[in-house]
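In what follows, chains are A, B, ... by sequence order, proteins preceding strands, each numbered from 1. Computed from heavy atoms alone, side chains included, the values below leave out hydrogens, waters and symmetry copies.
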Amino acid sequence: MSTIALPRTVKNTLPLLRDSALLVPLVGAGVLIYLAVLPLFMLLLGSFEVEVAPREFITSLKNYQDAYASEHTYSTFVNSLIFAGGSSLLTFTLGTVLAWLVERTNTPLRVIFYPMAVIPLILPGVLEAIAWIFLLSPKFGYINVALMSLFGLARPPFNAFTLPGMIWIHSVGQVPLAFLMMVAAFKSMDPSLEESAMMSGASTWQTLRRITLRMLMPTSASVLLILFVRTLESFETPALIGIPARIYVYTSEIYLAFSEYPPNYGRGAALAVGLLILSALGVWLYTRSTREGKRFQTVTGKAFRPRQFDLGPWRWVGFTFLLVYFVGVVLLPFLVMLWASFLPFFAAPGWKSLEILSLDNYRYLYGFRPFWDAMWNSIVLALLTATVGMVLTSLIAWVVYKSRLPGSWILDFLAFVPITVPGIVLGMALIMFYVAFPIPVYGTIWVLLIAYVTRYIPYGMRSASGAILQIHSELEEAAGTSGASWWQTFWRVTLPLLRPGFAAGWIYICIVSFREFSTSVLLATGDSRVLSILLFNMFEQGQVTVVAAIGIVMIFTLVAIVAVFQKLSGRVGIQT
Amino acid sequence: SPAGGQSLDELHKLALKEGGTLNCYCTLAVVNAQKIFPEFEKRFPGIKVNHVDLTADQLAARAVAEARGGRTIGDVIQGSLENVIQVFEQKLLLEKLPPEAAAYPAELKGSYWVSNNMVFIIAAWNTGLVQKGDEPKSFEDFADPKWKGKLIAEPRDLELLMGLGRYKYKSDEKAIEVLKKIAVNNVEFHKGHSELAQFLLAGQGAACLTCYSHHFPPQIKKGAPLAYLLSEGIGTINGTAVFKDSPHPNTAWLFARWAASEEGQKVYAVGGRTPAHPKVEPTEKIRPAKIYPIGVAEIKDWKKYEKTWKEIFKLR
Amino acid sequence: MIEIRSLFKTFSDRRGEDVAAVHEISFKVEDGRFYTLLGPSGCGKTTTLRCIAGLERPDQGEVEVAGEIVFSSSKGAFVPAYRRPIGMVFQSYAIWPHMTVFENVAFPLRVGKQRFGSAEIKSKVEKALALVEMGGLEDRMATQLSGGQQQRLALARALVREPKVLLLDEPLSNLDAKLRERMRVELRELQRRLRVTTLYVTHDQIEALSMSNEIAVMNAGEIVQQGSPREIYLYPQTQFVAQFIGSTNQFSGKLRDVNGDGRGCVETSMGELHCTVTGEAAPGSEVVIMVRPENIVLHKARPPETANVVEGKIATVMFLGQYLDCTIELGRNLFQTYQHHSLQLRRGDSVWVELPPGDCLALGAKN
Amino acid sequence: MIEIRSLFKTFSDRRGEDVAAVHEISFKVEDGRFYTLLGPSGCGKTTTLRCIAGLERPDQGEVEVAGEIVFSSSKGAFVPAYRRPIGMVFQSYAIWPHMTVFENVAFPLRVGKQRFGSAEIKSKVEKALALVEMGGLEDRMATQLSGGQQQRLALARALVREPKVLLLDEPLSNLDAKLRERMRVELRELQRRLRVTTLYVTHDQIEALSMSNEIAVMNAGEIVQQGSPREIYLYPQTQFVAQFIGSTNQFSGKLRDVNGDGRGCVETSMGELHCTVTGEAAPGSEVVIMVRPENIVLHKARPPETANVVEGKIATVMFLGQYLDCTIELGRNLFQTYQHHSLQLRRGDSVWVELPPGDCLALGAKN
Ligand SMILES: Nc1ncnc2c1ncn2[C@@H]1O[C@H](COP(=O)(O)OP(=O)(O)OP(=O)(O)O)[C@@H](O)[C@H]1O
Ligand SMILES: Nc1ncnc2c1ncn2[C@@H]1O[C@H](COP(=O)(O)OP(=O)(O)OP(=O)(O)O)[C@@H](O)[C@H]1O
Ligand SMILES: [Mg+2]
Ligand SMILES: [Mg+2]
């Protein structure tokens with residue numbers, strides 16, 4: 001329900017669309033459609049096109065035959081499911097436990113863990129995968145070596161180049177996403193709902209499982225959904241771990257299709273369409289499960305006081321968990337990076353490599369003009385993308401989950417589409433569309449902004465929708481009856497109440513758009529070059545340790561940005 | 001279409017009339033570009049290079065997409081031959097050779113491209129893991145069972161197969177046979193040459209079948225325990241060509257000619273690339289004694305070789 | 001002025017079954033009047049209110065607020081909530097947890113068409129807060145208020161705009177008795193002073209009776225009786241109303257005869273009783289007799305020549321301060337009576353119960 | 001058995017200022033007793049309750065529940081809420097919106113240590129629901145209940161486990177008068193039957209008086225008077241209590257003399273009045289006289305030889321159904337009186353007001 005009680009039938013809706021109150025959300029929806037439909041269209045089109053003469057195409061199903069009629073199809077499919085399923089579950093569990101410990105318990109020192117938790121997200125994907133290979137490689141992995149010499153093991157205990165290895169390495173990179181979204185959810189939950197559970201004799205754990213998480217169903221489902229699809233479409237790990245391990249998943253197929261000579265975009269697109277269908281299914285299930293929106297309104301009109309669970313002695317267990325996690329998952333790869341960034345070339349830690357430690361890489365970067373330009377571009381883009389993206393998705397989330405306009409779930413689906421469109425396809429779509437566009441955005445960072453916003457709508461949408469479902473309608477209705485127009489209500493009541501989800505999405509988008517590569521690569525030009533491209537470029541040249549240095553600089557920049565943002569946004573929203 | 005045979009300086013004047021920018025679709029690493037383009041800009045004042053630096057296949061993809069979008073933005077393309085060819089087949093390139101091309105041997109130029117610089121696929125090894133005396137002398141040495149489980153390579157480097165088949169043995173069968181033997185040592189494939197070099201360095205493999213030669217000198221200089229085989233190597237060509245509908249035809253032509261000229265090539269050498277010009281030597285020792293260049297003919301049969309290559313190593 | 005014409009609103013619960021929350025309701029609230037919807041929980045009061053506020057879209061009917069038709073199913077008209085000149089207090093307080101007390105109250109002044117200077121806002125807000133006795137809590141965070149404080153805050157927020165029409169959904173239900181009593185009076189005076197047309201939803205008869213100009217008693221989505229407090233209380237037309245408003249003792253009997261002035265004689269299990277017959281009940285018909293507990297008089301000894309006196313035994317005595325709630329066994333029925341606490345009553349005592357004829361209402365059994 | 005020893009709990013509001021929600025509270029609830037915390041909103045009732053439940057950590061003091069020390073600042077003991085043998089009803093209903101009515105009530109049976117068979121659960125749940133008159137709504141979604149329905153659900157949920165100690169935070173405040181009345185009686189009977197030690201928080205004096213064995217009147221975080229309902233109502237020891245429980249008319253006077261049986265004579269603006277002197281008030285000292293409205297008797301004509309009769313004028317008459325709330329001008333003071341609604345009173349009439357000496361309490365002015 002909403003400040004403008006909307007009818008549930010199409011018939012009475014049509015006159016309503018003339019209502020200025022609905023203008024803003026509808027514009028938002030319009031923008032979304034504009035952004036999402038283009039790549040979707042190009043993807044579908046491309047999947048049916050076969051090039052016969054230079055830039056002349058006929059439509060046929062050939063691509064689908066190539067894509068799905070190969071003897072590998074089945075194994076690939078199974079691998080993908082295991083990979084995606086396993087890793088999304090692992091990620092979700094880790095992220096949720098972390099978020100809960102940090103946000104809703106009295107675990108010691110939990111506050112300092114918050115900023116640390118996002119670090120794995122910042123490490124450039126390639127670097128992180130490599131870092132993990134350096135830790136877990138059966139041949140030289142630092143951890144393996146250490147353990148073997150420590151316990152005199154005959155064989156290395158871990159092997160990165162396996163399916164479990166793949167799942168692990170990918171998961172740890174994704175945990176921050178789950179963490180951020182779950183923290184948001186935990187933040188905006190009326191504790192009396194949990195308290196009453198405890199008074200019913202439910203232990204902390206039972207309460208968490210049977211009340212908290214169930215109340216947070218929409219967010220949990222959101223998170224799982226996005227993790228699953230995100231994993232399906234993720235590329236770095238399958239390429240860096242899967243190919244050597246000869247474990248092929250969906251995206252490695254797509255990657256291979258694009259990287260054969262001449263590139264077979266048709267097949268790539270056809271494969272991507274499969275991804276699209278899978279996620280469509282996911283979204284459909286999700287919207288169904290959250291239709292009875294009222295069930296999840298945990299930010300009630302009875303103003304509440306967020307509170308922490310008292311874990312008693314268990315809080316030390318929680319503390320240990322946090323510690324182990326951060327040392328094992330965040331610190332180690334980070335240290336590998338840091339270590340490398342002081343080296344002329346990757347070398348195992350040890351006395352003899354101590355001599356060659358130096359600040360050369362940083363000195364080099366300092367004097368390296370392109371680096372600073374790229375840095376600037378990236379920061380500007382990250383900030384813009386995050387802000388535009390979140391405001392937009394908040395609007396859409398409102399339309400989908402509060403207005404309950406008939407068919408609004410389609411928006412939800414559209415908002416999910418971009419995640420399934422391979423970056424390169426999106427890039428090419430945007431090129432073709434904007435290269436001859438009357439407004440000269442092409443070749444500027446604005447086209448990148450469009451690309452980024454498009455790409456990250458799904459993430460924003462997930463965090464926004466979870467949060468908006470938690471807001472009790474009467475809070476908005478009260479604004480309505482106080483004479484606040486739709487926009488005023490949205491701006492002064494809904495958004496502030498959304499803050500936890502908004503912040504989560506903002507931080508995530510800010511970070512990932514800082515890292516975005518596969519689309520930028522096609523759209524960036526000399527003076528709109530972004531950091532990720534520079535990074536890739538230098539990596540290709542084998543200046544890996546310089547890249548590590550860049551990674552470190554990125555981490556500090558982003559942590560700083562996030563901190564500032566937290567400070568600013570802390571002013572609005574529910575005061576805890 | 002650019003004007004004909006006048007001197008570079010006359011051309012320079014014409015170029016300036018076009019606004020003085022050059023959209024260079026070049027696979028030049030920023031580190032190289034940093035050294036090379038300023039030279040060009042110094043040599044021809046008033047002209048600014050707008051460098052679009054991607055991997056060759058991305059450049060091609062982008063050029064084609066732009067064309068489909070109805071506009072050509074690039075002036076010059078400079079990248080792996082196969083991708084230049086790919087763009088040409090889209091009828092986007094100007095079929096015309098600069099006079100400077102005369103200096104180049106037949107296999108280093110075509111009807112619309114001149115080789116600008118070369119990248120060499122060579123064998124390399126980790127001196128920490130390969131004892132003195134065990135070093136490989138040639139590619140076929142890796143067929144020796146002692147290398148079992150110690151080899152790493154890039155999954156897409158079928159140029160190795162082409163090179164050996166077309167040039168070294170003059171027989172694909174022989175090449176296939178050798179590679180099959182090597183395959184028995186179950187080679188581990190890692191995506192990306194840069195990763196390869198790192199993993200070789202770290203010890204993921206003792207030796208690397210298909211590394212880029214130019215990755216090694218800088219690291220070895222800094223003391224990395226690496227060595228590489230310079231007796232023979234596969235030469236892949238980076239060609240230069242001009243877009244047919246280039247927005248700045250004369251500027252484009254100016255650059256194409258300069259890049260092919262001896263002075264241009266020297267600049268490339270200093271910039272850290274391996275010049276293709278017969279008279280210009282690279283600054284680093286990265287050019288193998290015996291080069292098996294992958295040219296138009298080989299690229300024509302790409303698909304065929306790719307198939308065999310994948311069969312040999314059971315790749316996908 | 002509020003007018004509602006044959007309003008319908010149906011919800012469908014989880015299993016898709018329909019719940020007729022509001023079923024053909026019509027009423028009219030004249031300008032400046034205080035109109036109350038009184039009814040048991042779940043009878044559709046809130047829903048009706050929400051339809052008027054524009055928070056629910058009725059299935060059918062017409063709603064007119066301050067002379068403007070804000071909803072009409074036939075004309076397809078619908079004015080959104082924020083364009084309606086109303087102030088509203090919600091049953092769940094709907095306090096904004098991200099604002100201070102001050103900001104919560106100031107909000108209606110900051111939004112809305114009419115603009116106010118910050119000084120003006122400050123004074124208005126303080127006035128409103130003072131009204132609900134929350135002065136001094138201005139910069140408390142809304143989340144740090146106790147239940148009652150939150151409810152009062154909501155009230156202040158609705159009043160601060162001095163709206164044309166005021167909708168109140170049980171605004172006092174969370175206040176303590178004392179404060180509620182004071183607020184009753186104050187609200188009523190405020191309403192009279194501002195002459196703001198007020199629609200009040202409550203399930204508390206005292207509130208309804210004491211504040212309203214007119215009361216509509218609702219049950220199961222329908223209005224069962226409308227009228228002034230006295231009418232409703234003294235002359236309930238159905239058993240439901242009689243039972244819901246105040247307490248009553250009901251027992252059935254057979255009407256023997258009625259004379260002109262509505263006095264009649266009824267045969268009951270306790271013998272013959274003189275009653276006042278309301279509505280049309282023909283002699284010989286079954287009737288239900290209703291007596292209010294406070295009208296029942298107890299005598300220690302049989303009072304001489306008084307009508308309707310029956311002997312009974314005290315079953316329970318409950319001390320309620322102001323009075324004693326004392327139930328008495330009369331034959332098979334239990335009678336509830338309110339007596340002054342000075343009366344010395346002990347359970348088991350036998351007493352003489354007087355049912356004053358004027359206070360015994362005989363209703364035709366059918367309704 | 002619940003025992004609390006000098007409990008302290010302070011909150012700090014936004015600006016870091018301290019709010020002493022609970023300030024040195026001690027009391028003891030014997031097994032099977034019904035103990036009520038009565039006080040104005042914001043006085044710390046809920047906080048006290050939450051401390052006992054284990055939802056707040058007191059700053060200081062000791063809490064003992066059912067023979068076990070569940071909190072002690074000195075011993076540093078703290079038993080988590082879910083380990084305490086307690087059932088609780090929250091002021092905000094805290095119904096779980098993602099469960100059906102049935103699931104909400106079944107939850108405590110599913111989680112606690114003691115396991116139940118599904119058949120058993122079903123029967124227990126149905127019993128509990130029937131108790132609060134919600135039978136038949138089992139598979140309604142909790143969010144589809146009206147305010148009152150939700151409150152009753154919460155009650156059922158707390159009762160279903162038949163806990164050793166029951167904590168109720170204004171469980172009836174959202175029920176309609178009728179239902180509240182019935183629930184009062186039922187709750188009381190249920191409590192007597194289960195003999196479950198009950199701590200009840202309310203700001204409704206009627207509830208407190210009618211249900212409790214013992215009442216503690218709280219104000220500003222402290223307990224001002226403890227005692228049985230009658231003690232509290234009839235012999236308030238402070239003006240606050242007198243004023244908060246029921247209504248009183250207060251006016252000051254000067255005590256002239258007191259005789260043995262506590263009867264005294266006080267000089268007031270209305271002349272000399274005979275009063276009952278409570279507490280220690282020395283002759284000649286300033287006293288406050290308190291009279292309950294229901295004790296004041298009105299006469300149309302001057303009643304012969306009766307003490308404490310004053311002439312006055314009717315200021316306002318408010319119809320409250322059961323009685324008339326009628327204020328009377330006596331010289332400078334306004335007196336509130338409750339009269340039977342049969343009395344024909346019109347504002348402006350002059351009446352003779354009788355203040356029965358036994359009902360005029362004279363309190364030493366200092367407290
Ligand atoms: N959104 C909804 N979906 C389904 N049923 C609803 C919904 N809202 C209300 N109902 C049902 O409609 C009926 C009327 O609800 P309403 O809230 O108007 O009652 P009420 O008179 O306000 O009761 P209370 O005094 O307890 O608030 C109730 O049976 C309720 O369960
Ligand atoms: N978490 C908190 N932070 C700050 N102040 C608080 C907090 N909880 C309670 N208070 C304050 O402590 C005082 C007592 O609160 P409490 O909820 O116990 O009152 P109450 O007696 O239950 O009132 P009501 O009858 O309105 O519920 C109030 O002034 C309240 O504002
Ligand atoms: Mg209601
Ligand atoms: Mg309370």
Query - Contacting moiety of C/Leu38, where chain D heavy atoms sit under 4.5 Å - result: neither
**Report entry** More than 12 heavy atoms from other groups under 6.0 Å of CZ on D/Arg347
**Finding:** no
Requested in this report: Mind checking salt bridge (charged side-chain N to carboxylate O under 4.0 Å, His left out) for C/Glu214 and listing every partner two or more places apart, or none if nothing turns up?
Outcome: none
Report task. To the nearest 0.5 angstrom, please state how far the OH atom of D/Tyr323 sits from the OH atom of C/Tyr323. Result -> 8.0 Å
Query raised in the report: Would a 4.5 Å heavy-atom cut-off, applied to side chains only, mark C/Met318 and D/Leu209 as touching?
Result: no
Report task. Using the side chain to side chain contact (heavy atoms under 4.5 Å, CB included) rule, pick out the option among D/Pro229, D/Ser210, D/Ser228 that qualifies with C/Phe319. Result -> D/Pro229
Query raised in the report: Does CZ belonging to D/Phe102 count more than 12 external heavy atoms closer than 6.0 Å?
Result: yes
Requested in this report: Please flag which part of D/Ile232 lies under 4.5 Å from any non-hydrogen atom of chain C: side chain, backbone, both or neither.
Outcome: neither
Query - D/Phe240, CZ: over 12 other non-hydrogen atoms inside 6.0 angstrom - result: yes
Query - Interchain contact, D/Asn295 with chain C, by part (heavy-atom threshold 4.5 Å) - result: both
**Report entry** Side chain / backbone / both / neither for C/Leu324 at chain D, heavy atoms under 4.5 Å
**Finding:** side chain
Query - Residue part contacting chain C, namely of D/Ser247, when any heavy atom lies under 4.5 Å - result: both
Query raised in the report: Has the side chain of C/Tyr233 got a donor or acceptor atom that lies under 3.5 Å from a matching backbone atom of D/Leu320?
Result: no
Query raised in the report: Which region of D/Arg230, side chain (C-beta onward) or backbone (N, CA, C, O), has a non-hydrogen atom less than 4.5 Å from a non-hydrogen atom of chain C, or is it both or neither?
Result: both
Requested in this report: Could you check if a side-chain atom of D/Arg292 sits within less than 4.5 angstrom of a side-chain atom of C/Gln322, using non-hydrogen atoms only?
Outcome: no
Requested in this report: For C/Phe34, enumerate each residue passing the ring-ring contact (aromatic ring centres under 6.0 Å, His included) test, keeping only those at least two apart in sequence or located in another chain.
Outcome: C/Tyr200
